[in-house]
Amino acid sequence: MNKDGLGESAKNIEGSSGDTSLPLVLKKLLLSRDETLQVASAHCIIAVLVHSPAKHAPAFIHADIPEFLFEHLSSSSEMLVWSSYNCLTLLAEEPLFFSKCHTVYGIEAVVRSLQGSLEMNNTELHKQGLLLFTEILTRQPEEIKLFTNSAMCRDAGRALQEAVSSPVLEVAAEAVKATSAFLRKDHQSAPPVQYGELQALLEAMLNRCAEFSQTLLNRRPLGHASSRDSEKAILQRGKFLLSTLEGFRSACRLAIEFQSEPSAQENPFTAPSAKKEDTLEAFSEFLLSACDLLCIPMVMRHLEQTTHPALMEVFLSILHSLFVIVPHMKEKFSKKLAASSFIRLTLELKARFCSGLSHSALNQVCSNFLYCMCLNLLSAPEKTGPPSEEELSAVSELLQHGLPQISSSSPESLAFLSDRQYMEGAARQRQYCILLLFYLAYIHEDRFVSEAELFEAVQSFLLSLQDQGERPPLVIFKASIYLLAICQDKDNTLREHLHSSLISIS
């Protein structure tokens, strides 16, 4: 069938509403034993759906054409399988495709077909199959379970594990998107949850991303043309890294959702004496370790060359979620992040991208991350005794309100802290937040402003409090005294200023 014929068929079906003759004719061709007719029929369906998918897809679905397309996925003909993938991907745009449960009956055929196609040397076939799988995983309604048994879910995960490891970047990239959609609670809730399989899939995804990043880093640009190639490579690496982080974030979301599911804590069929590795607890600790060993280094290397707000939003949301996923490690993890300059990094992101109303989602993620990290650090202090519950509650409230308002650079923050003019409540809270951030950064050896400038700013801040007759929360007063002491300790010239500026706050 030529292109003119396909276009004419599309016009004919559009011209007669309720006419199902074309779907029935194409269904008969799909049922024929002639492969050429089967492929031609699939191509005609594609042409009609591309012409107007919302209008024509229901007619094909009511004719049960998806059922026969799923059957053709087991064909040895790569052209017929590719055409069937394409038809099904277009039909998946129609909600009726899912409500009539075609995907529930067809998912096994899709998974087996993917497993078989990945053994072939046909990149376009791999990509189209993964695109179909991604569409099904993404659009499947939560109330209709896609994987009715854990064996099928395991096979799907193993197919994705093979696909994300593909040496062809386009195939691996499509597989990463499918992995992100696969890590949905309703897809993984067929008992028992196979955490070991999920861990193997995530390891494969992260290792592929690390391998791709390292390959590009090893290439040295020479001349203007190569410099352009290098910029393109950085963009390409950032895109792949973003997709990988989105997949990892889906895994983190899954771990949090399963915390409230008693049946998902561990495999109930594991012998009591066996080492319990296939558990939510082990999976959660794996997520923390993988983030520490792979995600953080990859993102930090990428930041040396470029900064993308969307990527950093996903990355910081992962770090924030890990405080919830592994609560017994949150203080230790927070200390490691603070010692690795993450307070400075987050403030720089806010200053660069979040001034005014721009990048409000990034601003919120940065604020949430700083809020949790600061409370974790204050709950397990390095240099002073832990604050009382009342003090922590007061700090929690001021951080919650003040952090979203901070989007200034370090010099601007110091200038604001030094301001001796009358401060209203919201402005004063913002000063408290800035001072706490400097305090926590300094405690963990992240000294991104000079001691002399910080000393002067803190001194002015305390004088302003005195001028207005205010009594700050005790944690703020302790932080101020600590900063004055540490600054004068590092800079001997400040000692005289400290002794001459003792302030009494009653």
Side-chain angles (χ1 to χ4, degrees), residues 1 5-117 125 128-149 152 156 187:
M1 188 178 287
L6 294 177
E8 191 60 37
S9 298
K11 288 177 184 174
N12 289 341
I13 196 172
E14 185 175 7
S16 55
S17 136
D19 185 2
T20 56
S21 59
L22 181 60
L24 292 176
V25 169
L26 295 176
K27 180 178 175 179
K28 287 179 183 179
L29 293 176
L30 281 176
L31 287 168
S32 74
R33 295 185 179 181
D34 187 325
E35 184 186 304
T36 304
L37 290 177
Q38 291 171 339
V39 171
S41 173
H43 284 179
C44 186
I45 294 169
I46 292 168
V48 172
L49 290 174
V50 166
H51 182 70
S52 183
K55 189 168 186 179
H56 303 312
F60 289 113
I61 293 168
H62 283 301
D64 290 327
I65 279 177
E67 179 184 341
F68 303 107
L69 291 171
F70 279 123
E71 285 182 9
H72 288 325
L73 296 183
S74 61
S75 170
S76 59
S77 165
E78 293 182 25
M79 177 55 75
L80 181 56
V81 172
W82 182 89
S83 302
S84 300
Y85 280 156
N86 216 325
C87 285
L88 288 165
T89 302
L90 290 167
L91 288 169
E93 295 180 21
E94 170 57 46
L96 188 66
F97 181 70
F98 298 95
S99 61
K100 286 182 71 69
C101 294
H102 283 296
T103 50
V104 176
Y105 300 117
I107 192 63
E108 185 173 355
V110 174
V111 171
R112 286 182 178 172
S113 175
L114 267 178
Q115 290 171 323
S117 71
L125 189 64
Q128 193 61 46
L130 287 164
L131 179 61
L132 169 63
F133 196 27
T134 304
E135 286 295 303
I136 291 174
L137 290 167
T138 303
R139 294 175 181 267
Q140 181 73 17
E142 290 183 14
E143 63 274 12
I144 304 174
K145 189 178 286 292
L146 185 62
F147 299 105
T148 53
N149 62 74
M152 181 50 56
H187 294 331

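Everything numeric here is computed off the predicted structure, so don't read it as measured data. All values below were derived from every heavy atom in this structure, side-chain atoms included, with hydrogens, water molecules and symmetry-related copies excluded.
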Parallel, tilted or perpendicular, judged at 30° and 60°: which one describes the rings of His43 and Trp82? perpendicular
Margin query: Once you measure the plane-to-plane angle for His187 and Phe147, does it fall in the parallel (<30°), tilted (30-60°) or perpendicular (>60°) bin?
Written below: perpendicular
Closest non-hydrogen atom pair between [X] and [Y], with its separation:
X	Y	value
Ala92	Phe98	O-CE1, 3.2 Å
Ser83	Ala42	CB-CB, 3.6 Å
Tyr85	Ser117	OH-OG, 3.9 Å

Practice problem: Using a cut-off of 6.0 Å, state whether more than 12 heavy atoms not belonging to Met152 lie near its atom CE. | Solution: yes
Between side-chain atoms of residues 62-75 and protein atoms elsewhere (two or more places apart, or another chain), which donor-acceptor pairs fall under 3.5 Å?
unit_1 : atom_1 : unit_2 : atom_2 : d
His72  : NE2    : Leu30  : O      : 2.9
Ser74  : OG     : Glu71  : O      : 2.9
Ser75  : OG     : Ser77  : N      : 2.9

Those residues at least two apart in sequence (or on a different chain) that pass side-chain contact (heavy atoms from CB on, under 4.5 Å) with Val104 are Cys101, Gln140, Ile144, Thr148
Got a second to check how far [X]'s [atom1] is from [Y]'s [atom2], nearest 0.5 Å?
X	Y	atom1	atom2	value
Ile45	Ser84	CD1	OG	8.5 Å
Leu125	Ser113	CG	OG	6.5 Å
Thr89	Leu130	OG1	CG	10.5 Å
Leu90	Ile46	CG	CD1	6.5 Å
Gln38	Leu26	CD	CG	12.5 Å
Leu137	Ile107	CG	CD1	6.0 Å

Across all chains, not counting sequence neighbours, the side-chain hydrogen bond (donor to acceptor under 3.5 Å, both in side chains) partners of Ser41 are none
Those residues at least two apart in sequence (or on a different chain) that pass side-chain hydrogen bond (donor to acceptor under 3.5 Å, both in side chains) with Lys145 are Ser189
Contacts satisfying salt bridge (charged side-chain N to carboxylate O under 4.0 Å, His left out) that involve residues 92-114 (not counting sequence neighbours) are Glu108-Arg112
Practice task
For Ser32 and Leu29, indicate whether the former's side chain and the latter's backbone hold a donor-acceptor pair under 3.5 Å.
Solution key: yes
Quick note, side-chain hydrogen bond (donor to acceptor under 3.5 Å, both in side chains) partners involving residues 129-139, not counting sequence neighbours, are Glu135-Arg139
